[in-house]
Amino acid sequence: MSFSTDVKEELSKISNLADKASVKAEMFGYLNTINVSKENDSIKFSTESEYNINRFNKLLNNLEINIYKIEIIGKSFCITIPKNMSNKLEEKFIDYKITSEENIEKAFIRGAFLGSGSINNPNNKYHMELIVKKLDIAEKILDILENYNIKFKLLKNKNKNNKFWVYSKDGEEISKFLAFVGANSSVIKFEEIRVYRDMRNNVNRIVNCETANLSKTIDAALKQINAINKLKENGIFNKLPENLQEIANLRIENPEASLVELGNMLNEPIGKSGVNYRLKTIIKIAEES
């Protein structure tokens with residue numbers, strides 16, 4: 001199963017159905033997502049998760065909506081609520097508002113995610129999204145998340161007016177979202193992957209940095225050696241001051257050495273900047289000769 005399916009399975013098993021207010025808030029979240037549609041006065045919900053369809057089923061029963069049809073269409077589980085029951089369900093949400101109690105807000109967000117949310121495999125990339133049908137619902141989700149210091153963004157479909165994406169590409173924010181809606185086991189798994197991925201990225205950055213630095217050191221050494229050889233070929237080398245001849249000979253003998261190492265090899269050791277100055281002087285003389 002995908003990571004997104006695992007998260008939905010865990011959320012579908014949350015035992016809070018005795019809390020009638022939370023049940024209603026969660027159903028409100030479901031109903032405002034793009035996977036819930038109204039066709040011929042019937043309400044239909046589709047999902048590829050068997051656990052999710054069972055969750056929706058339990059919420060309906062809890063709300064005394066007990067006449068509906070469940071069927072499998074292709075890879076999707078579909079639940080259809082006929083006209084009389086769909087009208088009864090809609091009546092329950094006339095003028096309904098999400099209150100500021102934490103359990104209500106969590107249930108609403110959880111329902112919205114179960115209704116149309118998805119999360120990428122964190123081994124590949126960080127991306128979570130919920131797709132809802134109304135701008136005010138998307139903004140409500142953002143406001144609630146913001147109140148709990150969870151930062152998501154909003155994207156509107158420019159071609160259609162009934163799709164609004166609430167999303168995040170930040171691993172830490174996604175982890176906080178999962179914890180907020182109650183997917184505790186998924187949080188642990190997500191964090192394990194995130195720690196490993198961050199460590200791997202840090203190692204790669206260090207290796208790349210060291211490789212880049214090594215490449216720069218080699219390029220600089222080759223340029224210095226070429227300049228020294230040019231001065232020797234032109235008979236200019238022996239006319240250089242002794243301090244330049246000394247550092248030049250050390251560079252020829254130790255092409256892989258760093259500037260610090262060359263400085264320590266001198267009869268009278270000097271620092272990195274002093275070595276760099278002498279070698280740059282040699283290069284300048286070679287370019288002008």
Side-chain angles (χ1 to χ4, degrees), residues 3 119-129 142 145-146 149-155 158 165 167-179 187-289:
F3 187 79
I119 176 172
N120 281 71
N121 183 341
N123 280 304
N124 300 326
K125 65 177 180 179
Y126 301 136
H127 183 89
M128 171 183 272
E129 65 182 27
L142 287 173
L145 294 177
E146 179 67 28
N149 196 33
I150 304 171
K151 303 185 186 304
F152 272 52
K153 297 179 180 179
L154 174 63
L155 175 65
K158 295 181 179 180
W165 280 263
Y167 73 96
S168 176
K169 297 178 182 291
D170 185 285
E172 183 176 353
E173 301 306 319
I174 293 172
S175 182
K176 290 192 290 186
F177 180 100
L178 292 173
V187 171
I188 294 172
K189 183 177 179 180
F190 185 88
E191 283 301 309
E192 287 176 349
I193 295 172
R194 194 159 76 99
V195 168
Y196 173 77
R197 181 177 168 181
D198 289 348
M199 286 179 62
R200 182 183 62 193
N201 289 341
N202 287 335
V203 169
N204 288 338
R205 278 194 291 269
I206 291 170
V207 170
N208 291 337
C209 181
E210 290 180 347
T211 300
N213 289 337
L214 178 60
S215 179
K216 289 180 181 178
T217 299
I218 292 172
D219 290 344
L222 288 174
K223 185 175 182 180
Q224 295 154 9
I225 291 171
N226 289 336
I228 294 166
N229 288 333
K230 181 180 179 181
L231 292 176
K232 287 185 176 182
E233 291 171 2
N234 294 342
I236 300 174
F237 183 79
N238 291 331
K239 298 178 183 179
L240 295 176
E242 289 185 6
N243 64 340
L244 295 186
Q245 289 188 42
E246 182 183 15
I247 197 68
N249 286 327
L250 285 172
R251 170 50 83 202
I252 294 293
E253 295 167 1
N254 304 277
E256 79 290 346
S258 67
L259 298 182
V260 173
E261 291 170 335
L262 289 176
N264 291 332
M265 295 176 189
L266 293 168
N267 291 328
E268 294 183 8
I270 60 175
K272 178 180 177 180
S273 60
V275 173
N276 188 46
Y277 175 77
R278 292 184 186 184
L279 290 171
K280 282 188 174 181
T281 301
I282 291 172
I283 293 172
K284 183 177 181 181
I285 293 171
E287 290 174 344
E288 295 176 349
S289 64

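The model shown is predicted, which means the values in this text are computed figures rather than measured ones. One-based numbering along the sequence shown.
- When all heavy atoms of Ile282 and Leu244 are compared, the closest pair comes out as CD1-O, 3.5 Å.
- Side-chain atoms of Lys176 come within 3.5 Å of backbone N or O of Asn149 as a donor-acceptor pair.
- The side-chain heavy atoms of Leu279 and Leu262, taken from C-beta on, include a pair separated by under 4.5 Å.
- The main-chain N or O of Lys272 is never found under 3.5 Å from a side-chain atom of Asn276 such that the two would form a donor-acceptor pair.
- Using a 4.5 Å heavy-atom threshold, the side chains of Phe237 and Asn249 count as touching.
- Below 30°, between 30° and 60°, or above 60°: for Phe190 and Tyr126 the angle between ring planes is between 30° and 60°, a tilted geometry.
- Between Ile174 and Arg194 the shortest side-chain heavy-atom distance does not fall below 4.5 Å.
- A pairwise comparison of heavy atoms in Ile270 and Val275 identifies CD1-N, 3.6 Å as the closest pair.
- Residues Leu178 and Ile119 have side chains in contact (heavy-atom distance under 4.5 Å, counting atoms from C-beta outward).
- Counted within 6.0 Å of NZ on Lys232, heavy atoms from surrounding residues, nucleotides or ligands total more than 12; the atom is thus considered enclosed.
- For the atom pair Glu191 CD and Ile188 CD1, the distance stands at 10.0 Å (nearest 0.5 Å).
- Checked options Glu173, Glu172, Glu146; the residue passing with Lys151 is Glu146 (criterion: salt bridge (charged side-chain N to carboxylate O under 4.0 Å, His left out)).
- Shortest non-hydrogen contact noted between Pro255 and Ala221 is O-CB, 3.4 Å.
- Summarising the geometry of Ala286 relative to Leu231, their closest heavy-atom pair is CA-CD2, 3.7 Å, with the distance given to 0.1 Å.
- With Ser175 contributing its side chain and Gly171 its backbone, the two residues share no donor-acceptor pair below 3.5 Å.
- By the side chain to side chain donor-acceptor pair (under 3.5 Å) test, Asn267 is found to be paired with Glu246, residues two or more places apart in sequence or in another chain being considered.
- Within the 4.5 Å cutoff, the side chain of Asn226 has no heavy atoms near those of the Lys230 side chain.
- Note that NE2 of His127 is 9.0 Å distant from OG of Ser168, once rounded to the nearest 0.5 Å.
- Within the model, atoms CD1 of Ile247 and OH of Tyr277 stand 13.5 Å from one another, a figure rounded to the nearest 0.5 Å.
- With values rounded to the nearest 0.5 angstrom, Gln224 atom CD is found 10.0 Å from Lys280 atom NZ.
- Counting only heavy atoms from C-beta outward, the side chains of Thr281 and Arg278 never approach each other to under 4.5 Å.
- We find the CG-CG distance between Asn229 and Asn234 to be 11.0 Å, quoted to the nearest 0.5 Å.
- With contacts defined as side-chain heavy-atom distances shorter than 4.5 Å, the pair Asn254/Glu261 does not qualify.
- No donor-acceptor pair closer than 3.5 Å links the side chain of Arg251 to the backbone N or O of Leu222.
- Atoms CG and CD1, on Leu240 and Ile228 in that order, are 9.0 Å from each other to the nearest 0.5 Å.
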